[in-house]
Amino acid sequence: MTMDKSFDARAAEARISAEWERANAFAAGANASRGESFSVMIPPPNVTGSLHIGHAFNNTLQDILVRWHRMRGFDTLWQPGQDHAGIATQMVVERQMALRGEPDRREIGRDAFVEKIWAWKQESGDTIINQLKRLGASCDWSRNAFTMSGAPSAPAGEDGNFHDAVIRVFVDLYDKGIIYRGKRLVNWDPHFETAISDLEVENREVQGHMWHFRYPLADGETYDYVERDADGNVTLRETRDYISIATTRPETMLGDGAVAVHPDDARYAPIVGKLCEIPVGPKAHRRLIPIITDDYPDPDFGSGAVKITGAHDFNDHGVATRNGIPLYALMDGRGAMREDGLSYEESAAIATRAAKGEDVGDVSAVNLVPTDLRGLDRYDARKRVIEAITEEGLAVTDAEGNPVVESKRIVQPFGDRSGVVIEPMLTDQWFVDTQRIVGPALAAVRDDRTRILPEQHKKVYFHWLENIEPWTISRQLWWGHQIPVWYGLDLRIENFVDDEGDGALDEVEMFGLLVDGLVHTGRRQHCAATFEAVRKKFRDDIAGLPQPLEISRVVEVADREAAIDLLSQSLADYTLSQDPTHLVYPVWRDPDVLDTWFSSGLWPIGTLGWPEDTPEMRKYFPTDVLVTGFDIIFFWVARMMMMQLEVVGDVPFHTVYVHGLVRDEKGAKMSKSKGNVIDPLTLIDEYGADALRFTLTSMAAMGRDPRLGPKHVEANRNFVTKIWNATRFAEMNGVRGGGARPEPQHTVNRWIIGEVAHIRQATDAALETYRFNDAATGLYAFVWGKVCDWYVEFAKPLFDGPEAEETRATMGWVLDQCYLMLHPIMPFVTEELWALTGDRGRMLVHGDWPDYGDELIDPAADRQMNWVIAVIEGLRSARAQMGVPAGARLDLIVTEADEAARTALAANGPLIERLARVNPARDGVAAKGMISVAAQGASFALPIEDVIDVAAETARLEKSRAKARKDADGLKARLSNPKFVANAEPEVIDETRDKLAALEDDIARLQTALAQLAAM
RNA sequence: GGGCGGUUAGCUCAGCUGGUAGAGCGCUUCGUUUACACCGAAGAUGUCGGGGGUUCGAAUCCCUCACCGCCCA
């Protein structure tokens, strides 16, 4: 057999992947030979996702840990899977439908749309899984999980019980009161028409405008407006009949509930408590709002006065709630001005009463959008508002009378998926009261039950959790786990009078119910995992109602309207038939779905079969390591911590390894818009998966962002080729792998075995501490620098001598160790070489990770070979510098040598002769026409005859001497410092003395050589 | 505004608990010697961002300044 000149990655990767799969090599527990388990949960990529370089990085690191543990015999599980990515998936499928010219989702309805998404998922949802396989990720693919598995809408083949876990947890937290529903200001995405969490909001600085408007004081009031400089000197004094407001969002003025100033702001003190007019809206119904004080306004920013729109701004919302200012909603779900609710006149009247301090109750029907602006998009409304105010002369103007509009950079919230400006909206949403479950998550990291690496990220974790806000978990989407809460009409109206007192309804009473009860009263709600369970709860509810209602059948309908229709119809029927068995009590389910991260938060237990008591759950939970990017620490890590601790009372993992973000060569974040995205699959095609993996690993310095360019990958592809060719050389010389560790006699062989032991210890130490880059660069230096550069070269002459057999055995074993140790980082080429070089019985993926150590190290061999290497390097350097033709074979004259040097020389003569291109060493004296080379304990002379240039040789030796002297002087200075000798550790002092001695030895030899040269 | 990180060879970066700097790429010269030109040999290049401090000793610890980046407000 002759090997090709290089590794054909493309062909081999596919073949090897198939072999791994056929052998079920990645199955949970494969190759287990000891009791301990090791489990890792993949951070689930979106089902819509495709592999980007960040995934490649993240999964390479996980795979290294997993393969390393599997080879060490741990019962290993790497759990793969995907999340259902609510918004993203809906977006993908809607776009596809639009492209095909199909009716949109509203036209086909929820069920049909969800069915389409499932169809899409089954057809295209495994893209990233297949890409991860190409990377070599050794997940147990048979267990691939999905956060929507087992949902009622799931088609065949999508079973699983993730849905059960999600619903179970929701119900549990609901029952504990940790999940609640409430009207809150949330981040509303007008494009997807759903609430999103603050983490899905990207605050970006954009070019915006700041308008300045005058809010006239009510009843023509005036005040002295005085501005002072830092020293208290008056810089401006004028009589004003208005208060000046700056805003970047004029359209929200319509919903203002107050103007706020800082309590210490002297400028406005005279008018606090007075009313002012919002300078927009029909003149006849101009609204007045109070001027209040609050700590929020910054007196130094703008005019120091802030308009308060509690329903459309988070800061304002805080001010409004603190001060009892009503929250007037202005927009609908699409970000357009509202058209619903009361007329502007009625609304303005109510708002005015509120401004005067009257309690006006619920203001959700109040619509303060003037008739002519209703239905307009928020930006069109803005334009109209500005025009109207300017026209009226209430814009603040400059000296020339032009309205003051500042162009400035403002920070605006954008939906991370939709890219549109987020609108703070007052809506009914479901929340997790995170305050109540955050404690254990903080404690677990504080007392190191979960370690976060690198440690600096702990701060971020703590900071976020210590200031945690309620988590909005409802999404107004169709794709996701529908909230398991049903509503029913509240029929227990307060003013119900049972005229006859007979506990039964007559027609009049029934009519009263219909009119008062159905339309105007609240609703009942119940939460349970199944409709059956919820039906029972409603039945208990209605049991208290007057008969015959109490025996109504609980049935499910689409929504509140349908419920009212059906109930009315049912009651009407009853009045005719008097047959109570036909009475129904309709209930409807909350249409919202849960935030995808709510399900991802249960990933560690959900993928292991919880809430069932599964063997996997018992064996692999808590999991060991979570490998993830920094960007996901809040989204996911913190939430998993909170949820697992709350639900099963344990941490989800004992270590979180946080890696950096892969950047381009210049350090810029990769982004589609910048066009600097590097596609990992392209790199795999070009250089092979091993080269890419090795590159990413060698860049994985803890806490740092790797910068990746194709050049780096190319360099490591060369490394793949290098070990391939070392194997090829071995193979050509009859070396085979698969043998037991030999116990050779020759120093070279003893030395390399010791080097293997060194690197094994270094590699394990690096992996144990998650220093992936140290593991990679250490192996690189060992394989290339030690094995290929020196050992293979040393072995060449040995193959012709009496040590040929032991050298073959040693080389076979050494290469086997290289394959084993490189396998977690470069699985394909090593698996291939493993198969090519021996009959092993099992694949390398199930090879036994070595555990030898110092016992294999022969210090004498170590010393001797390092000496030989130094001599060869010295000889080569001297030759090159003196311009000796590379091919010329020189005599090697030993002018001086101690015992150790003689032994080393005798044992390694052929090696030195071959690698330094010299004839066998013989004793002699330096003479004219020779150059000198100093080594520890020995001096050599090389006759280069007439080519010697005395001046050049002198210069070369002087340069060496100067360097040695400089180093020696430094060391001497240190040793002669009494404080150093007194304070430094003894080993350090010894080390310094040894170094100095060696240098002085060198200097002496150089000195001699120079003297000889001078004498010639 | 708060927090975190960075500033080391021409470029991209290592350098863990302080013991006087390394790798890859690039560059120069030489080389087809029984694996490999995706190679080998030899070589050049560093006030370790500036300033101060602790220490026998600082790229490494502390303070400070400058610039760059990220996160949160």
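We name chains A, B, ... by the order of the sequence lines, and we start the count at 1 in each one. Since the model is a prediction, treat every value here as computed from it, not as a measurement.
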Of the nucleotides B:U34, B:C36, B:G40, which one has an atom closest to the side chain of A:T721? B:C36

Quick one, A:N749 and A:F794 - any side-chain contact, counting heavy atoms below 4.5 Å? no

State which of B:G5, B:A14, B:C30 makes the closest approach to the side chain of A:Q456. B:G5

Taking the same atom, C1', in B:U60 and in B:G3, what whole-Å distance lies between them? 23 Å

Pairing partner of B:C61, by Watson-Crick or G-U wobble and under 3.5 Å for both distances, is B:G53

Look at the side-chain N and O atoms of A:N718 and state whether any lies under 4.0 Å from the OP1 or OP2 oxygen of B:C39. yes

For the residue pair A:F772 and A:Y657, categorise the inter-ring angle as parallel (less than 30°), tilted (30 to 60°) or perpendicular (more than 60°). perpendicular

Please report the distance separating the P of B:C39 from the corresponding atom of B:A44, rounded so that it comes out in whole Å. 22 Å

Please give the nucleotide sitting opposite B:A9 as a Watson-Crick or G-U wobble pair, both distances under 3.5 Å, or none. none

Using the P atom in both, what is the distance from B:A41 to B:G24, to the nearest Å? 11 Å

Using a 4.0 Å heavy-atom cut-off, does A:N716 contact any base of the nucleic acid, only the sugar-phosphate backbone, or nothing at all? nothing

Heavy-atom distance under 4.5 Å between the side chains of A:D316 and A:Y296, does that happen here? yes

Describe the nucleic acid contact of A:T777 in one word from base, sugar-phosphate, nothing, applying a heavy-atom distance below 4.0 Å. nothing

Closest nucleotide among B:A35, B:C39, B:C16 to the A:R771 side chain: B:C16

Measure the distance from CZ on A:R876 to C1' on B:U29 and round it to the nearest whole Å. 16 Å

Note: for A:N315 and A:V988 on RNA chain B, the residue whose nearest nucleotide lies more 5' is A:V988

Partner of B:C38 by Watson-Crick or G-U wobble geometry, both contacts under 3.5 Å, or none? none

Contact class for A:K995 (heavy atom, under 4.0 Å): base, sugar-phosphate, or nothing? sugar-phosphate

In whole Å, I'd like the distance from the CZ atom of A:F980 to the P atom of B:G18. 15 Å

Taking atom types as they are modelled, is there a donor-acceptor pair under 3.5 Å from the base of B:A41 to the side chain of A:Q881? no

Cation-pi geometry met for A:R717 and A:Y687 (6.0 Å, 45°): no

With respect to the side chain of A:L971, which nucleotide from B:A35, B:U20, B:C4 is positioned closest? B:U20

Honestly, is A:R446 close enough over A:F462, meaning NZ or CZ under 6.0 Å from the six-membered ring centre and within 45° of the axis? yes

With sugar-phosphate meaning primed atoms plus P, OP1 and OP2, does A:K5 contact a base, only sugar-phosphate, or nothing at under 4.0 Å between heavy atoms? sugar-phosphate

Got a salt bridge between A:D969 and A:R965, using NZ or NE/NH1/NH2 to carboxylate O under 4.0 Å? no

With rounding to the closest Å, how many angstrom separate the C1' atoms on B:C25 and B:C38? 14 Å

note: A:D705, atom CG; B:A14, atom C1'; distance rounded to Å ~ 15 Å

Under 4.0 Å between any heavy atoms, over every strand shown, what does A:E714 touch: base, sugar-phosphate, or nothing? Just pick one. nothing

Below 4.0 Å: OP1/OP2 of B:C56 and any side-chain N or O of A:N983: yes

Paired with B:G26 by Watson-Crick or G-U wobble geometry, both distances under 3.5 Å: which nucleotide is it? none

When we call it a touch if two heavy atoms are under 4.0 Å apart, what does A:R728 touch: a base, just sugar-phosphate, or nothing? sugar-phosphate

Between B:G52 and B:G40, how far is it from one P atom to the other, in whole Å? 45 Å

A:Y461 OH - B:C71 P separation (whole Å): 21 Å

Scan A:A715 against the nucleic acid and name what it touches under 4.0 Å (heavy atoms): base, sugar-phosphate only, or nothing. sugar-phosphate

Check every strand shown and say whether A:D990 touches a base, only sugar-phosphate, or nothing at a heavy-atom separation below 4.0 Å. nothing

Calculate the interatomic distance between A:N725 atom CG and B:C36 atom C1'; express it in whole Å. 4 Å

Using 4.0 Å as the upper bound for N to carboxylate O, is an ion pair formed by A:E805 and A:R808? yes

Within the pair A:W790 and B:A41, is there a side-chain N or O less than 4.0 Å away from OP1 or OP2? no

When the P atoms of B:U55 and B:C16 are considered, how many whole Å apart are they? 23 Å

According to the Watson-Crick and G-U wobble definitions, with both distances under 3.5 Å, which nucleotide is paired to B:A44? none

Taking only side-chain nitrogens and oxygens of A:K796, does any of them come within less than 4.0 Å of OP1 or OP2 of B:A35? yes

Minimum-distance nucleotide to A:R917 side chain [options: B:A35, B:A42, B:U33]: B:U33

Would you kindly compare A:K459 and A:H463 by the position of their nearest RNA chain B nucleotide and give the one closer to the 5′ end? A:K459

Taken to the nearest whole Å, CD/A:Q761 to P/B:C16 is 21 Å

Looking at B:G43, I'd like to know if its phosphate oxygens (OP1 or OP2) sit under 4.0 Å from a side-chain N or O belonging to A:S877. yes

Write down the partner of B:C4 under the Watson-Crick or G-U wobble criteria, each distance required to be under 3.5 Å. B:G69

From the list B:U20, B:A35, B:C25, which nucleotide is the closest neighbour of the side chain of A:K711? B:C25

Does OP1 or OP2 of B:G40 have a side-chain N or O of A:K722 closer than 4.0 Å? yes

Under 3.5 Å for both donor-acceptor distances, Watson-Crick or wobble: does B:C16 have a partner, and if so which one? none

In whole angstrom, give me the gap between the P atoms of B:A73 and B:G49. 33 Å

Just how far, in rounded Å, is C1' of B:U34 from CG of A:N733? 8 Å

Do A:K796 and A:F729 form a cation-pi contact, if we require the NZ or CZ to be under 6.0 Å from the six-membered ring centre and within 45 degrees of the ring's axis? yes

Ring geometry between A:W834 and A:Y819 (parallel below 30°, tilted from 30 to 60°, perpendicular above 60°): perpendicular

Is any side-chain heavy atom of A:L798 closer than 4.5 Å to one of A:V748? yes

Looking for any heavy atom pair under 4.0 Å, which part of the strands does A:R914 touch: base, sugar-phosphate only, or nothing? base

Between C1' of B:A41 and CH2 of A:W784, the distance in whole Å: 14 Å

P-based separation of B:A59 from B:G50 [nearest Å]: 11 Å

The nucleotide from B:C4, B:A42, B:C36 with an atom nearest the side chain of A:E873 is B:A42

